[in-house]
Amino acid sequence: MAFLMLLHEKMKLSRKINRLTLKQLRMGNTIDRMQKKIDKREKYYSKLEKQIERQANAYKNSANMFFSNQLGLGCNGVNLGNYMGGSAAAMQILQEWDGTNQITGASYNKDLVNAILQGNYQRNAKTSDNEATTFTVGDNSSVSEADFNAAQAAIQNANSAVSQRQTMAQQYKANYENNVSIWQEAQLEQLEAQRDWEMDLLAEEQADLEAEKTSIEAQLSLAEERKKAIEQQLGQSIQDAAPKFGLA
């Protein structure tokens, strides 16, 4: 009777071990999927961080071009194309002034300014000490020293205006970039809070799965140990029940 009970218990344990083994396998697959899900979400948030950084840089670059263009400094806000102390930005300012020096209020000859910027002029030699100084420019026309000096003054004032506008542009850009940095930091903090919340939930779920896996492994180990003990008892019972044929 005891032998049959042991045999019945062994069969029950075998079925339990099979169920636990299958459950252990499925649990392992579930944990693997969970880890892949966590890795995928981590990559997702890393991608969002890079997007925020790229967007902030785009804002800053756009502001750089906007302020430079608004102040007549070109796309990069620097003096390009220097000609005899002039620049592309200074030439644009001179065109805006349209013959009137906005710093001093004096008039100047626009063609003469262009000739000076291109270096297309020369001082005429004097035939006597009493002769007024004149300059030959462009198409061999002669201009007075006063007109020449007025044109040079306009060029110098335009270059000074460029420096002032560059300083203004740098200030505007610095203020804007500071605001963008504040926006970027706020976006990253919000994203970090969202990531921490989601990762905490996934970590709890993963911990529950790991705990369940550990429980299954413990149950399986106990079942296998019990089955092994029963098999030993069955073996001993069979050995004890075997005829001895007079042997001690």
Side-chain angles (χ1 to χ4, degrees), residues 1-67 170-242:
M1 189 67 177
F3 179 85
L4 293 177
M5 291 179 64
L6 289 172
L7 187 60
H8 177 68
E9 186 177 357
K10 175 186 174 183
M11 294 175 62
K12 287 178 62 178
L13 285 171
S14 295
R15 290 194 294 269
K16 183 177 181 179
I17 289 172
N18 290 336
R19 289 196 302 270
L20 288 172
T21 301
L22 179 59
K23 194 173 182 180
Q24 183 185 42
L25 178 62
R26 290 174 176 173
M27 183 56 62
N29 292 334
T30 301
I31 291 176
D32 289 342
R33 289 196 299 270
M34 173 57 68
Q35 186 59 54
K36 290 179 181 178
K37 182 179 180 180
I38 292 174
D39 294 341
K40 185 176 180 180
R41 296 307 291 173
E42 286 286 0
K43 291 179 181 179
Y44 169 76
Y45 282 108
S46 296
K47 181 179 179 181
L48 289 183
E49 281 185 355
K50 293 179 180 179
Q51 287 179 350
I52 291 174
E53 182 179 356
R54 285 195 297 267
Q55 191 171 2
N57 290 332
Y59 285 154
K60 293 177 181 179
N61 292 334
S62 296
N64 181 43
M65 291 186 289
F66 173 78
F67 292 127
Q170 289 299 328
Q171 291 175 346
Y172 292 154
K173 284 181 265 188
N175 291 335
Y176 186 84
E177 287 179 359
N178 183 60
N179 290 334
V180 171
S181 296
I182 293 173
W183 169 87
Q184 182 180 1
E185 184 177 353
Q187 292 294 311
L188 289 175
E189 287 180 356
Q190 181 179 354
L191 183 63
E192 185 69 20
Q194 181 179 342
R195 173 165 56 186
D196 289 345
W197 174 78
E198 183 174 352
M199 290 299 106
D200 286 345
L201 291 179
L202 291 175
E204 289 179 6
E205 187 176 351
Q206 186 180 41
D208 290 341
L209 292 175
E210 291 289 351
E212 186 174 354
K213 177 184 177 184
T214 301
S215 175
I216 292 172
E217 291 173 348
Q219 294 178 59
L220 183 59
S221 177
L222 290 174
E224 288 175 342
E225 289 178 2
R226 177 58 181 162
K227 180 183 177 182
K228 183 177 180 181
I230 290 174
E231 287 174 344
Q232 290 177 348
Q233 292 180 27
L234 288 173
Q236 186 63 42
S237 297
I238 293 174
Q239 184 177 354
D240 292 343

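Worth saying up front: this structure is predicted, and the values here are computed from it rather than measured.
- For the atom pair Gln170 CD and Glu177 CD, the distance stands at 8.5 Å (nearest 0.5 Å).
- Under the side-chain contact (heavy atoms from CB on, under 4.5 Å) test applied with Lys213, the options Thr30, Ile31, Asp208 reduce to a single match, Ile31.
- How far CD of Gln51 is from CD of Gln187: 11.5 Å, rounded to the nearest 0.5 Å.
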Side-chain donor-acceptor pairs of residues 220-235 under 3.5 Å, sequence neighbours excluded:
from, atom 1, to, atom 2, distance (Å)
Arg226, NE, Glu9, OE2, 2.9
Arg226, NH2, Glu9, OE1, 3.2
Arg226, NH2, Glu9, OE2, 3.2
Lys227, NZ, Ser14, OG, 3.3

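- Under the rule for a salt bridge (Lys or Arg N to Asp or Glu O under 4.0 Å), Arg33 has no partner lying at least two apart in sequence or in another chain.
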Please list, one pair per line, the donor and acceptor atoms closer than 3.5 Å that link side chains of residues 200-207 to other protein atoms, with sequence neighbours excluded.
from, atom 1, to, atom 2, distance (Å)
Gln206, NE2, Gln35, OE1, 2.7

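- Two residues are said to be in side-chain contact when any heavy atoms from C-beta on lie closer than 4.5 Å; Gln184 and Gln55 fail this criterion.
- The list of side chain to side chain donor-acceptor pair (under 3.5 Å) pairs with a residue in residues 16-27, not counting sequence neighbours, is empty.
- Note on residues 44-61: pairs passing salt bridge (Lys or Arg N to Asp or Glu O under 4.0 Å), not counting sequence neighbours, are Glu49-Arg195.
- Pairs engaging residues 4-54 under the ring pair (Phe, Tyr, Trp, His ring centres under 6.0 Å) rule: none recorded [sequence neighbours left out].
- Gln219 meets the side-chain contact (heavy atoms from CB on, under 4.5 Å) test with Leu20, Ser215; sequence neighbours excluded.
- Going from atom CG of Leu22 over to atom CD1 of Ile17 covers 14.0 Å, rounded to the nearest 0.5 Å.
- One finds the CG atom of Leu48 at 7.5 Å from the CD atom of Gln194 (value rounded to the nearest 0.5 Å).
- For the atom pair CD1 of Ile52 and CD of Glu185, the computed distance is 12.0 Å after rounding to the nearest 0.5 Å.
- For residues 173-217, the ring pair (Phe, Tyr, Trp, His ring centres under 6.0 Å) pairs, not counting sequence neighbours, are Tyr59-Trp183.
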